[in-house]
Amino acid sequence: MALDRNPDWWRDAAVYQIYPRSFADSNGDGIGDLAGVTSRVPYLAELGVDAVWLSPFYPSALADGGYDVDDYCDVDPRIGTLADFDQMVAALHERGIRVIVDIVPNHSGAGHKWFQEALASPPGSPERARYVFRDGLGPDRSQPPSDWTAAFGGPAWEPVGDGQFYFHLFDPAQPDWNWHNPEVRAEFVRVLRFWADKGVDGFRVDVADSLAKDFSADPLPSAAEVALIPAGPDHPYYDRDEVHDIYAEWRAVFNSYDPPRAAVGEVWAEDPARRIRYANKNGLGQAFNFGLLLADFDAAEFRQLIDRDLAQDRATGSSSTWVLSNHDKMRHASRYGLPAVAGESREIARNWLLARGREPVEDTALGLARARAASLAIMALPGSVYLYQGEELGLREVADLPDDVRQDPTFRRSGGYDVGRDGARVPLPWSTDGPSFGFGAGAAHLPQPEWFARHAVSAEQADPNSTLNLYRRALAARRELLGRPEVQAVEVFEWVASPAGTLHFKLGPWHCLINFTADSGLAPPDGRLVVASAGFGRDGLLAAPGAAWVVV
Ligand code: GLC
Ligand code: CA
């Protein structure tokens, strides 16, 4: 199955996110690589995904798992070469799988040639003008320009020793680009073309809402003042309106290809009306909808988030992105199995409980049953679905990594308060034994727990009730159903009345039932049962937690 030229492929694609360092290691050095991805193309094809999105594989000091890019047009030698990249794309395309790469335009890595030039050049030089440098405060300019803190903790300004500081929204090893600078703009157009010319089908745009900055105020507002400014035109760096000028320019680049290149923005804007602006057809075209990534396994919450997003799609002509897990968040099988602590993310809640001497009890069976149900639910919703590597194996978070192997800067910079994201990035288990469960011929760069053996691809392949086989059946059925003319996604989406604690919706003849909590069970309509995440009782009712698709 070779690729068709359908320009709208991204609208309902099942996209599989690969975190390259942790997917498959072809040479046994413990680090996943592009040749490893190529070797697993048959697996991806059998899984039934339409596209893969690769998290960064570029040369990087790995201060932030590769999101600190030192060279945007090359491959990290530990991960492979540009020739490996071309081979991987060819192998994926051969099996009809499209390729999305991650573009990180808010900041570079500290090792980027231009940042090194900026450090070696004097204040006021054109080299410094590519980044966000500013004079320090106080008589000897030794104080930071403001008291702002970085997203990973600690100050957002780093001194360079000559009275100037540079701004970093994330780690100090991730200096922010100055998007007012035409050279920076031109450079990213070159980068986009470089990958598009290589046949890449789309781009995931990292931190898409923060590129445009206005730091012209003197003095800068305090952190306390900034905290009161809503994301939007008045905020110094979140979701400013001018960011859309950048994406309009990019869209022209994307549309100069046949088929046009797709793009999806990582946008955390809370106001859905502002988030959707990134999904404009004159902009990126699609923007992540993270509602369900943060939500509880709760019927009312799911329904409200689904309604909100579908209403926006109808109004704007965009297409939603449903996502339950990614490389930045606790895996949903754990999220749904842990107790909540009010006001805290579950990652932090776990630490909060531990700090008080209370071991958080993860109900792993409940978490997995809920995760399977939620995954079936999102695969039936109109729009595209983003799946994170390992969720098809029912993997949960690896919570007990020793402190000294943790790589995520969040852990260090928060003084351990936030354990960080490594628990979702542990290399995949492919077989039940071997030094790294088939990930590679040596130990993996993050240690895998013993229980990974039960989730190994080889074990799940052999078990008809495994999560892997559930995903395969669901993705195959989804592809077949989406091909039917009467399943016109968002236009025909409809809720069907169902008891409290359950949801039931349909797209033409395709019904999706989700029982979150109802003890009484949920009655399926008459029809053919296509796939179910859980069993039906002897009364014929779907038990909780569970989801099922029925075609009438
Ligand atoms: C995005 C990425 C995350 C990274 C951050 C800084 O949120 O998804 O992994 O740490 O940007 O680049
Ligand atoms: Ca390797």
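Ligands are counted one by one from 1 in listed order, and the atoms in each one are counted from 1 as well. Remember, predicted model here, so these are calculated numbers, not experimental data.
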Starting from [atom], what is the nearest protein heavy atom, named by residue and atom, and what distance separates them?
atom: atom 2 (C) of ligand 1; result: Asp206 OD1, 3.0 Å
atom: atom 10 (O) of ligand 1; result: Asp64 OD2, 2.6 Å
atom: atom 8 (O) of ligand 1; result: Asp328 OD2, 2.5 Å

Does the cation-pi check pass for Arg370 over Phe297, that is, NZ or CZ under 6.0 Å from the six-membered ring centre and within 45° of its axis?
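Relative to the ring axis of Phe297, which defines the angle, Arg370 lies outside at least one limit.
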
Could you tell me whether a side-chain N or O of [X] sits under 3.5 Å from a main-chain N or O of [Y], the two making a donor and an acceptor?
X: Gln312; Y: Asp309; answer: no
X: Ser325; Y: His332; answer: yes
X: His168; Y: Asp176; answer: no
X: Asp209; Y: Val267; answer: no
X: Trp430; Y: Phe23; answer: yes
X: Ser318; Y: Gly285; answer: yes

Which of the atoms of ligand 1 are close to [X], meaning less than 4.0 Å from one of its heavy atoms?
X: Arg425; result: 9 (O)
X: Glu266; result: 1 (C), 7 (O), 8 (O), 11 (O)
X: His107; result: 6 (C), 12 (O)
X: Arg421; result: 3 (C), 4 (C), 9 (O), 10 (O)

Short N/O distance, under 3.5 Å, between Arg204 and ligand 1?
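Between Arg204 and ligand 1 (N or O atoms, distance only) the closest approach is under 3.5 Å.
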
Arg21 with Asp76: basic N within carboxylate O range, under 4.0 Å
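Counted as a salt bridge, because a side-chain N and a carboxylate O are separated by less than 4.0 Å.
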
Does Arg406 come within less than 4.0 Å of Asp408, counting only side-chain N to carboxylate O?
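So Arg406 does not pair with Asp408 through a salt bridge.
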
With the Ca ion (ligand 2) as the centre, enumerate protein N/O/S atoms below 3.0 Å in chain and residue order.
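Result, waters dropped: Asp25 OD1, Asn27 OD1, Asp29 OD1, Ile31 O, Asp33 OD2.
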
Is the contact between Phe152 and ligand 1 made by the side chain, the backbone, both, or neither, using heavy atoms and a 4.0 Å cut-off?
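Looking at Phe152 and ligand 1, just side chain atoms fall under 4.0 Å.
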
Would you kindly specify which portion of Lys329 sits under 4.0 Å from ligand 1, judged on non-hydrogen atoms: side chain, backbone, both or neither?
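None of Lys329 does.
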
With Asp64, which of Arg413, Arg421, Arg412 fulfils salt bridge (Lys or Arg N to Asp or Glu O under 4.0 Å)?
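By the salt bridge (Lys or Arg N to Asp or Glu O under 4.0 Å) criterion, Asp64 pairs with just one of Arg413, Arg421, Arg412: Arg421.
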
For Tyr237, check side-chain hydrogen bond (donor to acceptor under 3.5 Å, both in side chains) against everything at least two apart and list the hits.
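Once residues adjacent in sequence are excluded, Tyr237 has no partner under the side-chain hydrogen bond (donor to acceptor under 3.5 Å, both in side chains) criterion.
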
